[in-house]
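Worksheet for the structure shown next.
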Amino acid sequence: MVLPHNVCSHLQNAFRARHHRIAVPHTTQNLGILSILLRAGFLMSLTRGTVEEPSPSLFNAVGEPERRIWADLKYRDERPVLSKVELISKPSKSVYMDIGEIRRICSGRRAQMIKPLRLGEIVIVRTKSHEHEWLEAREALELNLGGEIICRAR
């Protein structure tokens, strides 16, 4: 099983190395995290593909181990848009919040050990809902869903 910290560290390292495109294994978790970052404006685009190239037409022709999600990284004035991805739930300790605690961090107050969200920051939440498994904290607040707090990005 691929853990969320793999894609978070991969993204942060790629931005630091000034890569323009990265490929991560195709899993629902990686797709959920990357699509939230895309909606938040930290990435330019997402494309399904193979190990060699981003090609949606070849994506269905290859087996599961060779499937990848290609993400085009976003830069503004030669600087990365995504400056830091910080894990909140770690492999050794998961952090769960109910809707009240998520409301607190979104409204500028501390909840548990989590600092409040600042301007331009997002928090990624994994909920127990199958329809809305991966959400940004503000989306989880609108849908009245709590869950595991995975990471924060700024």
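These numbers come from a predicted model, not from an experiment. Throughout, numbering of the chain's residues begins at 1 and tracks the sequence.
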Set out, in order, the CA-CA distance, both residues' side-chain angles and the distance that settles side-chain contact (heavy atoms from CB on, under 4.5 Å) for I69 and L46, then state yes or no. CA-CA 7 Å; I69 303 168; L46 292 178; 4.2 Å; yes

Linking I/L/V/M/F/W/Y whenever their side-chain heavy atoms sit closer than 4.5 Å, directly or via other members, would L87 and V123 fall into one cluster? no

Does one hydrophobic cluster hold both L38 and I122, with members joined at side-chain heavy-atom distances below 4.5 Å? yes

Check step by step if side-chain contact (heavy atoms from CB on, under 4.5 Å) holds for L73 and L11. CA-CA 9 Å; L73 308 181; L11 267 171; 3.9 Å; yes

Atom NZ of K128 and atom CD of E133: how far apart are they, to the nearest 0.5 Å? 10.0 Å

So do the side chains of L58 and E53 get within less than 4.5 Å of each other, counting heavy atoms only? yes

Output the distance between atom CG (N60) and atom CZ (R67), rounded to the nearest 0.5 Å. 5.5 Å

Test I114 against every option in R152, R104, E101 by the side-chain contact (heavy atoms from CB on, under 4.5 Å) rule and name the one that passes. R152

For L43 and A71 the tightest heavy-atom approach is CD1-CB, 4.2 Å

Taking it one step at a time, do I88 and C151 satisfy side-chain contact (heavy atoms from CB on, under 4.5 Å)? CA-CA 5 Å; I88 295 173; C151 64; 5.5 Å; no

Answer yes or no: is there a side-chain heavy-atom contact under 4.5 Å between I150 and W134? yes

Hey, does the side chain of S94 reach the backbone of S89 with a donor-acceptor pair shorter than 3.5 angstrom? no

Does E121 reach the main-chain N or O of R118 with its side chain, forming a donor-acceptor pair under 3.5 Å? yes

hydrophobic_cluster_shared for Y96 and M113, side chain cutoff 4.5 Å: no

Could you check if a side-chain atom of V95 sits within less than 4.5 angstrom of a side-chain atom of E148, using non-hydrogen atoms only? no

E64 atom CD, over 12 foreign heavy atoms within 6.0 Å: yes

Are the side chains of P4 and Q29 in touch, meaning some heavy atoms are under 4.5 Å apart? yes

How many angstroms lie between atom CZ of R16 and atom NZ of K84, to the nearest 0.5 angstrom? 8.0 Å

Quick check on the hydrophobic clustering: are I124 and V85 connected, directly or via other members, by side-chain heavy-atom contacts under 4.5 Å? yes

Closer than 3.5 angstrom, by distance alone: can the side chain of D98 be matched with the main-chain N or O of G100 as a donor-acceptor pair? yes

Under 4.0 Å between a Lys/Arg side-chain N and an Asp/Glu carboxylate O for R39 and E139? yes

Any donor-acceptor N/O pair, E136 side chain to R138 backbone, under 3.5 Å: yes

Between the side chain of W70 and the main-chain N/O of T50, is any donor-acceptor distance below 3.5 Å? yes

Approximate separation, where rounding is to 0.5 Å, of Y75 OH and H20 NE2: 6.0 Å

If the condition is side chain to side chain contact (heavy atoms under 4.5 Å, CB included), which residues does R48 pass it with, not counting sequence neighbours? H26, L31, F59

Partner set under side chain to side chain contact (heavy atoms under 4.5 Å, CB included) for S83, not counting sequence neighbours: R154

CZ (R68) and OG (S55) are apart, to the nearest 0.5 Å, by 14.5 Å

Are L135 and I149 connected in a single hydrophobic cluster, I mean Ile/Leu/Val/Met/Phe/Trp/Tyr linked by side-chain heavy atoms less than 4.5 Å apart? no

In this structure, CD1 of I105 is separated from CZ of R109 (nearest 0.5 Å) by 11.5 Å

